[in-house]
2 protein chains.
Amino acid sequence: MARWQPGARERLQSVALRLFAERGFEQTTVAEIAAAAELTERTFFRHFADKREVLFAGQEDFLQLFTDPIEAAPAGTPAYELVRRALEAAGEFFPLERRTFARTRAAIIGGEPALQERELGKLASLKTRLGELMRDRGIGEPTATLAAEAGVTIFHLAFQQWIADGEERSMGELARERLDAMAALVSV
Amino acid sequence: MARWQPGARERLQSVALRLFAERGFEQTTVAEIAAAAELTERTFFRHFADKREVLFAGQEDFLQLFTDPIEAAPAGTPAYELVRRALEAAGEFFPLERRTFARTRAAIIGGEPALQERELGKLASLKTRLGELMRDRGIGEPTATLAAEAGVTIFHLAFQQWIADGEERSMGELARERLDAMAALVSV
DNA sequence: GTCTATAGTGCGATAGAC
DNA sequence: GTCTATCGCACTATAGAC
């Protein structure tokens, strides 16, 4: 018999989400999360660099969502078209079933400035990675960085609307709407 | 004779900047900053909500830099033109003399993920405020939010280039370059 | 102004899997 | 034997409560 149960990381994450939703992020201690997952505080910090990270870890596939369609595009594809393709692909990764979970998680994050900061930090690394990818494809500066910033921003705004109260449209539809609004904004 | 020296807040800020530059942010304790400013730890936290905030407090005039030109614009001015005017005004607030200070501060922030997160948070509140201002002027969604996001992003990218090693162009010039790049990006 | 809870770190011990 | 996941304990600094 194993000395410890497998899936410690996932257990910590789901327990943390539940406790944060019930009592709030600040009102939940790491010790409580660890105890509820039948682990110790020390083990929590082995898996997550800090308390906030338990809500954000494990989103590596999320990154690929953007990079895959960009890498698959033919050489010479203009920056804006790369952004459009990445958003199109990202839109398909947010089916309606995920919306309830996403709303729970967003409610926790939205109520805590420290968690909002972390979310912005994650989006910033995504922007950095996409900018590098653009430059690797021969797109110059400042266009590469700007395209990456614009793409992630449009995704984020679409996502926030997607989880807004009463919103029923799909992620893809909302992303397209914001992409069009961006084009309209600068074409005065 | 005064029981305490005036300018406690400013003293804490300049002492903190110096110590952070010398030893690094994490390697400097709040107790050390307070002692060097001849104050107590408690006084530090009376002025700043947390350790990071000492590097960011006192930027209220920075907000007005963007809002003033937008409020001064005639009714019916399109969103993109409002952004252009705000950037134009912001450009004038960064004279060459500030560049050395800005570089020191940026070096501290750039070496510490926690400080980068706080900076992104500050920029996010600026985006929120500008979005409200746009909506107050009758600009609808998602254009208002998008314009605010684009404007602050362009400002931030221009600022980062302004403090880059060897860069000698003015803030206004760099902002215009990025604004043009944004227009070029979507006009495919 | 003082006290204390909690986050987060460093290092070592332990117990299995291989 | 090596490697890895967990635990135990001592410790510091932040930040908030009193």
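Note that the structure is a prediction, hence the values are computed from the model and not measured. Below, read A as the first sequence line, B as the second, and so on, with proteins coming before strands; counting in each chain starts at 1.
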Protein-nucleotides 8-10 of chain D N/O pairs closer than 3.5 Å?
residue, atom, partner, partner atom, Å
dG8(D), O6, R42(A), NE, 3.4

Cationic N near anionic O, under 4.0 Å, R137(B) to E71(B)
no
Using modelled atom types only, decide if a donor and an acceptor are shared between the side chain of R99(A) and the backbone of P95(A) within a distance under 3.5 Å.
no
Return the value, rounded to whole Å, for the distance between atom CG of L39(A) and atom C1' of dA5(D).
10 Å
Before accepting this row, confirm whether a basic side-chain N of the pair R118(A)/E53(A) lies closer than 4.0 Å to the acidic partner's carboxylate O.
yes
Whole angstroms only, please: what is the CD1-P distance between I33(A) and dG8(C)?
11 Å
Please report the closest heavy-atom contact between R105(A) and L55(A), naming both atoms and the distance.
NH2-O, 3.0 Å
Compute the ring centroids of F56(A) and F62(A), then answer whether they are less than 6.0 Å apart.
no
Without decimals, in angstroms, what is the distance between Q5(A) CD and dA15(C) C1'?
15 Å
Check this for me: does any side-chain nitrogen of one of R135(A) and E132(A) sit under 4.0 Å from a carboxylate oxygen of the other?
no
Spacing of R118(A) atom CZ relative to dA7(C) atom P, expressed in whole Å
14 Å
Do H156(A) and E149(B) make a side-chain contact, defined as non-hydrogen atoms from C-beta onward lying under 4.5 Å apart?
no
Sorted by number, the residues of residues 45-58 of chain A with heavy-atom contact under 4.0 Å to DNA chain D:
R46(A), H47(A)
For atom CD of E112(A) and atom P of dA15(D), their distance in whole Å
13 Å
Please confirm whether the backbone N or O of L12(A) pairs with a side-chain atom of E10(A), one donor and one acceptor, at under 3.5 Å?
no
With the side chain of T29(A) defined as its heavy atoms from C-beta on, choose the nearest nucleotide among dA7(C), dT14(D), dT6(D).
dA7(C)
For Q27(A) and dA5(C), what is the distance between atoms CD and C1' respectively, to the nearest whole Å?
13 Å
Given ring pair (Phe, Tyr, Trp, His ring centres under 6.0 Å), test F94(B) with F155(B) step by step and report yes or no.
CA-CA 11 Å; F94(B) 293 86; F155(B) 163 79; 5.8 Å; yes
Separation of atom CD in E41(A) from atom P in dG8(C), rounded to whole Å:
10 Å
